[in-house]
Amino acid sequence: MKSLLFLVSILLVGLFLRLYHLADWFYYTFDEEVMSFVGRRMIIESHIPLIGGITPLKFHLGPLFYYLSSIVLWISQFNPLGWGVFAAMLTIIALILTTIVGRRFFDARTAMIATLLMATSYLMVIADRHYWPLVLNPMYSLLTIWSLFELKRGRTLFAWTLAGTLILASQTDPSNFVLLFLVPFVWWRGRLPLSRRLAVVIASIVLFANVIPLGLFEIRHDFYNGRQFLTFFQGEQNQPMFRPTKFMDTLALFPRTFSRYLAVTKDNDASLQLTPCGDIHSQRNAAVVWFLFWPSVFLLVWFCWRVIKHWSDKHWFGLKLIFLFGLLIFLGITIYGNIFNADIFEQYLAGFAPFFFLITASFFSSLWRSWYRWIVLFLIILLVSLNMAFLFQGTNRFGWNDKLRAVGYAIERTDGQPFSLHAIGSCFAFGGYRYLFTLVGSEPVKSYVDNDLSWLYKMQPQKEEPKTRVIIAAPNPNEGEVYQSLYDGYKRVASESASFGNIEVFIIR
């Protein structure tokens, strides 16, 4: 009973932290803007797409994630902030699954410590204020690992849980493809007690669910998806070769990301922590402190050593699943980021995040029975306190409320006249502003994202520039002379201007 009350308390704290200042810190950018327009089009125009989001490899996934997102968008009356609430609810599911997996693979103490650390992690909390495909990855990976574990114990009903998870995961984000490789490998090497017929049925269902909608799209659009996929490999910068520097970056990615999930020590601004922009991403990497990085290296080595040492022990099957999952992620990132010279980001490890906390909790739990328990207790309290203090002092320089206020100001000052929309900023110009004008009910007749999004509009943009222009300035901390020149030029000719947080709006007539 006490453990249940403690778990409920952790879940409530986790939910509170993810909803606290949600409207101020909700992270909304171009990718979410695309999802918003797609969902709006599905609901209003009954246009059901056969493809989902585009991947870094330039091909599209299946449409199930778009379908799920559009349902939430419909419930929230087209307001993407509803996705933030939905993301918080998904995290509660992931926390419950972390507790279940922790109890099955380790022990009750490890499960509770891992759930507590995950619920209060600053990086986890702000990542859950960003509704995009990767927010589902922790839940997918936990469901897959748990299903394989239960299948090994002969509980065949989990084959259907596994099938459903793989279908949704493979149509959400390409980083989940590692699960598609993990399952057959474990099925083969782990000798899961399942009939060959059931295995074929499950594989056929997963394949059918993924191939049919994409196949129909390819037939209707002259194999567009396949041609896009080939362009990635035809790019000169993506020619396959081994790159030692990139390999070292991949090696450092795991402990660096591990340490950031445990605690972030600099820049508690959500936009600076979540943006993939190159210069800010490099600054985040440089900000990782040694007293978190090297303990993370130690914990990863300690866990791998334990698993390899007990590899032949059948009671360690769950831990071997975690080890194999991490190994396949490493191989996947090495092939994608190193061999094909693609960009590498910590978000690719989102699915492994719960296991970082489980590994940490397992180490803490191993020391609990000795006098070290007081040190362990101190470290747990310290990590939780640091993360929560960092969160409560947090900001988002381009938060949802500031964006809405900026859009409202622009609509008021244009006074019903036709206007065009433009934005400047090397990282944050594409901040979802075009959809916000649609949401508020006053759309520009022309905008800076029309080349990418006009196929989703109900009314097509005009070619001529109207007499009134709205300029949104959204600078990152490292802007150079190009931005400053544009900014000074707009400020000089602006009739009116106003600032909303770090966003500045110019009205030019």
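Source: prediction; values computed, not measured.
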In terms of ring plane angle, is the pair Tyr261 and Phe356 parallel, tilted or perpendicular, where the classes change at 30° and 60°? tilted

Would you check if the side chain of Gln393 reaches a backbone N or O of Phe390 as a donor-acceptor pair within less than 3.5 Å? no

Classify the ring geometry of Phe37 against Tyr435: parallel below 30°, tilted from 30° to 60°, perpendicular beyond 60°. perpendicular

Are Lys403 and Tyr433 in a cation-pi setup, meaning NZ or CZ lies under 6.0 angstrom from the ring centre and within 45 degrees of the ring axis? yes

Is Ser141 reaching over with its side chain to a backbone N or O of Pro138, donor-acceptor style, under 3.5 angstrom? yes

Does Asn387 reach the main-chain N or O of Leu262 with its side chain, forming a donor-acceptor pair under 3.5 Å? yes

Check whether any side-chain N or O of Asn79 sits under 3.5 Å from a backbone N or O of Gly82 as a donor-acceptor pair, and report yes or no. no

With ring-ring contact (aromatic ring centres under 6.0 Å, His included) as the test, pick out the partner of Phe65 among Tyr131, Tyr140, Trp83. Tyr131

Minimum heavy-atom separation for Arg397 and Asp402, please, with both atom names. O-OD2, 4.5 Å

Report the relative orientation of the aromatic rings in Tyr348 and Tyr336; use parallel for angles under 30°, tilted for 30 to 60°, perpendicular for over 60°. perpendicular

Sequence-distant partners of Arg284, salt bridge (Lys or Arg N to Asp or Glu O under 4.0 Å), two or more places apart: none

Is there a donor-acceptor pair under 3.5 Å between the side chain of Asn476 and the backbone N or O of Asn478? yes

Side chain of Ser259, backbone of Arg256: donor and acceptor closer than 3.5 Å? yes

Is a side-chain donor or acceptor of Glu33 paired with a backbone partner of Arg434 at a separation under 3.5 angstrom? yes

Cation-aromatic face contact Arg40/Phe78, 6.0 Å, 45 degrees: yes

Atom of Leu292, atom of Ala263 and distance for their closest heavy-atom approach: CD1-O, 3.5 Å

For Thr115, run the side chain to side chain contact (heavy atoms under 4.5 Å, CB included) check against Ile100, Thr98, Thr110 and tell me which one passes. Thr98

